[in-house]
Amino acid sequence: MARTRQEQRRRRHRRVRKLVMGTADRPRLAVFRSNRHIYVQAVDDIAGRTLASASTVEPDQRANATGTVDAAKAVGQLIGARLKEAGVSAAVFDRGGFQYHGRIAAVADGARAAGLEF
(Lines give C-alpha, C1' and ligand atoms only; values in the text may rest on other atoms or scores of the structure.)
Protein backbone atom coordinates (compact mmCIF):
# COMPACT_ATOMS: atom_id res chain seq x y z
CA MET A 1 0.00 0.00 0.00
CA ALA A 2 1.73 3.12 -1.24
CA ARG A 3 1.39 6.23 0.91
CA THR A 4 2.11 9.76 -0.17
CA ARG A 5 5.02 11.63 1.36
CA GLN A 6 2.63 13.86 3.28
CA GLU A 7 0.86 10.85 4.80
CA GLN A 8 4.19 9.31 5.78
CA ARG A 9 5.29 12.56 7.42
CA ARG A 10 2.00 12.88 9.30
CA ARG A 11 2.39 9.33 10.62
CA ARG A 12 5.93 10.10 11.81
CA HIS A 13 4.73 13.34 13.38
CA ARG A 14 1.96 11.55 15.28
CA ARG A 15 4.53 9.07 16.55
CA VAL A 16 6.75 11.92 17.80
CA ARG A 17 3.82 13.79 19.34
CA LYS A 18 2.96 10.82 21.56
CA LEU A 19 6.17 11.56 23.46
CA VAL A 20 6.64 15.32 23.14
CA MET A 21 4.50 17.66 25.28
CA GLY A 22 4.88 21.40 25.80
CA THR A 23 4.17 23.33 29.00
CA ALA A 24 4.28 27.03 29.86
CA ASP A 25 7.77 26.64 31.40
CA ARG A 26 9.06 24.35 28.65
CA PRO A 27 7.03 24.85 25.44
CA ARG A 28 7.10 22.58 22.41
CA LEU A 29 9.08 24.13 19.55
CA ALA A 30 7.06 22.89 16.53
CA VAL A 31 8.78 23.18 13.14
CA PHE A 32 7.18 22.99 9.69
CA ARG A 33 9.25 23.02 6.52
CA SER A 34 7.90 23.74 3.06
CA ASN A 35 9.89 24.05 -0.14
CA ARG A 36 10.07 27.84 0.13
CA HIS A 37 9.70 28.65 3.82
CA ILE A 38 10.22 27.42 7.35
CA TYR A 39 7.82 28.09 10.23
CA VAL A 40 8.45 27.67 13.97
CA GLN A 41 6.11 28.16 16.89
CA ALA A 42 6.44 27.64 20.63
CA VAL A 43 3.29 25.91 21.89
CA ASP A 44 1.97 25.41 25.42
CA ASP A 45 -0.04 22.19 24.92
CA ILE A 46 -1.65 22.31 28.36
CA ALA A 47 -3.21 25.75 27.83
CA GLY A 48 -3.54 25.15 24.09
CA ARG A 49 -1.91 28.38 23.00
CA THR A 50 1.07 29.62 21.02
CA LEU A 51 3.60 31.60 23.08
CA ALA A 52 5.75 32.84 20.18
CA SER A 53 6.27 32.21 16.50
CA ALA A 54 8.73 33.03 13.74
CA SER A 55 9.00 32.24 10.06
CA THR A 56 10.67 33.25 6.82
CA VAL A 57 7.34 34.74 5.70
CA GLU A 58 7.84 37.76 8.00
CA PRO A 59 8.78 40.94 6.12
CA ASP A 60 12.23 41.35 7.74
CA GLN A 61 13.11 37.70 6.95
CA ARG A 62 11.82 37.80 3.35
CA ALA A 63 14.57 40.18 2.25
CA ASN A 64 17.04 37.26 2.09
CA ALA A 65 16.65 33.82 0.54
CA THR A 66 13.92 31.98 2.46
CA GLY A 67 14.51 28.30 1.65
CA THR A 68 18.12 27.98 2.81
CA VAL A 69 19.92 26.66 5.88
CA ASP A 70 21.06 30.21 6.70
CA ALA A 71 17.45 31.45 6.67
CA ALA A 72 16.42 28.55 8.93
CA LYS A 73 19.20 29.39 11.38
CA ALA A 74 18.06 33.04 11.43
CA VAL A 75 14.49 31.92 12.19
CA GLY A 76 15.83 29.74 15.02
CA GLN A 77 17.70 32.70 16.49
CA LEU A 78 14.59 34.85 16.16
CA ILE A 79 12.32 32.37 18.00
CA GLY A 80 15.01 31.93 20.67
CA ALA A 81 15.18 35.69 21.21
CA ARG A 82 11.39 36.01 21.36
CA LEU A 83 11.13 33.22 23.91
CA LYS A 84 13.90 34.76 26.02
CA GLU A 85 11.92 38.01 25.93
CA ALA A 86 8.87 36.09 27.17
CA GLY A 87 10.89 34.63 30.05
CA VAL A 88 11.28 31.10 28.68
CA SER A 89 14.74 29.52 28.81
CA ALA A 90 14.03 25.88 27.87
CA ALA A 91 11.93 24.07 25.27
CA VAL A 92 11.32 20.63 23.79
CA PHE A 93 12.01 20.25 20.07
CA ASP A 94 9.29 18.85 17.81
CA ARG A 95 10.78 18.14 14.39
CA GLY A 96 7.30 17.62 12.92
CA GLY A 97 8.01 14.28 11.29
CA PHE A 98 10.89 15.73 9.29
CA GLN A 99 14.39 14.28 9.41
CA TYR A 100 16.68 16.09 11.89
CA HIS A 101 18.98 17.32 9.15
CA GLY A 102 19.60 20.44 7.10
CA ARG A 103 17.08 23.22 7.72
CA ILE A 104 15.42 21.46 10.67
CA ALA A 105 18.77 21.06 12.45
CA ALA A 106 19.66 24.67 11.56
CA VAL A 107 16.53 25.93 13.35
CA ALA A 108 17.59 24.00 16.47
CA ASP A 109 21.15 25.31 16.23
CA GLY A 110 19.92 28.88 15.85
CA ALA A 111 17.64 28.58 18.87
CA ARG A 112 20.51 27.13 20.93
CA ALA A 113 22.75 30.00 19.79
CA ALA A 114 20.10 32.42 21.12
CA GLY A 115 20.37 30.77 24.53
CA LEU A 116 17.45 28.34 24.44
CA GLU A 117 18.02 24.90 26.02
CA PHE A 118 16.66 21.61 24.67
Side-chain angles (χ1 to χ4, degrees):
M1 170 177 246
R3 291 191 174 90
T4 63
R5 283 181 176 214
Q6 290 86 1
E7 288 170 347
Q8 289 174 338
R9 187 191 69 79
R10 283 190 205 111
R11 286 171 61 94
R12 286 191 303 270
H13 191 200
R14 273 189 243 121
R15 204 164 46 230
V16 169
R17 286 285 290 118
K18 286 180 196 174
L19 304 172
V20 179
M21 177 85 162
T23 63
D25 298 331
R26 197 173 165 96
R28 175 172 54 96
L29 214 61
V31 180
F32 178 76
R33 172 181 60 86
S34 73
N35 285 339
R36 289 186 181 181
H37 296 284
I38 194 146
Y39 309 84
V40 184
Q41 56 183 347
V43 181
D44 175 4
D45 289 316
I46 294 171
R49 65 187 208 104
T50 300
L51 304 176
S53 66
S55 72
T56 54
V57 177
E58 296 176 14
D60 57 335
Q61 298 292 319
R62 280 190 89 108
N64 306 322
T66 58
T68 63
V69 171
D70 293 333
K73 190 163 188 159
V75 168
Q77 290 172 341
L78 185 60
I79 192 78
R82 287 179 180 172
L83 283 174
K84 281 290 193 182
E85 232 174 69
V88 176
S89 61
V92 291
F93 193 73
D94 176 8
R95 60 188 175 88
F98 298 104
Q99 188 178 18
Y100 187 84
H101 179 76
R103 290 189 284 159
I104 302 295
V107 169
D109 292 342
R112 281 191 198 103
L116 205 60
E117 292 179 23
F118 297 141

Report task. Please test Arg28 against Val92 for side-chain contact (heavy atoms from CB on, under 4.5 Å), starting from the C-alpha separation and ending with a verdict. Result -> CA-CA 5 Å; Arg28 175 172 54 96; Val92 291; 4.0 Å; yes
Query raised in the report: Where do Val107 and Arg33 land on the side-chain contact (heavy atoms from CB on, under 4.5 Å) test, with the steps shown first?
Result: CA-CA 10 Å; Val107 169; Arg33 172 181 60 86; over 6 Å; no
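- Taking 4.5 Å as the limit, every side-chain heavy atom of Thr56 sits out of range of all side-chain heavy atoms of Arg36.
- Gln77 places no side-chain N or O within donor-acceptor distance of the main-chain N or O of Ala74, the cut-off being under 3.5 Å.
- Phe93 has its side chain out of reach of Val20: every pair of non-hydrogen atoms, C-beta onward, lies at least 4.5 Å apart.
- Side-chain atoms of Thr66 never come within 3.5 Å of backbone atoms of His37 as a donor-acceptor pair (strictly under, hydrogens ignored).
- Glu7 places a side-chain N or O within 3.5 Å of a backbone atom of Thr4 that can act as its donor or acceptor partner.
- Under the 30°/60° scheme for interplanar angles, the aromatic rings of Phe32 and Tyr39 are found to be tilted.
- Side-chain contact between Arg62 and Val57 is present, with heavy atoms from C-beta onward closer than 4.5 Å.
- Residues Ala65 and Ala71 approach most closely at O-CB, 3.2 Å, considering heavy atoms.
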**Report entry** Asp70/Lys73 under side-chain contact (heavy atoms from CB on, under 4.5 Å): CA gap, chis, key distance, verdict
**Finding:** CA-CA 5 Å; Asp70 293 333; Lys73 190 163 188 159; 5.7 Å; no
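- Grouped by direct or indirect side-chain proximity (heavy atoms under 4.5 Å, Ile/Leu/Val/Met/Phe/Trp/Tyr only), Met21 sits with Ile46.
- Under the 4.5 Å side-chain criterion, counting only non-hydrogen atoms from C-beta, Ile79 is in contact with Leu83.
- Shown here for Ala90 and Leu116, the closest heavy-atom pair between the two residues is N-CD1, 4.1 Å.
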Requested in this report: Using the side-chain contact (heavy atoms from CB on, under 4.5 Å) rule, take Asp45 and Arg17 through it: C-alpha gap first, then chi angles, then the decisive distance, then the call.
Outcome: CA-CA 11 Å; Asp45 289 316; Arg17 286 285 290 118; 3.7 Å; yes
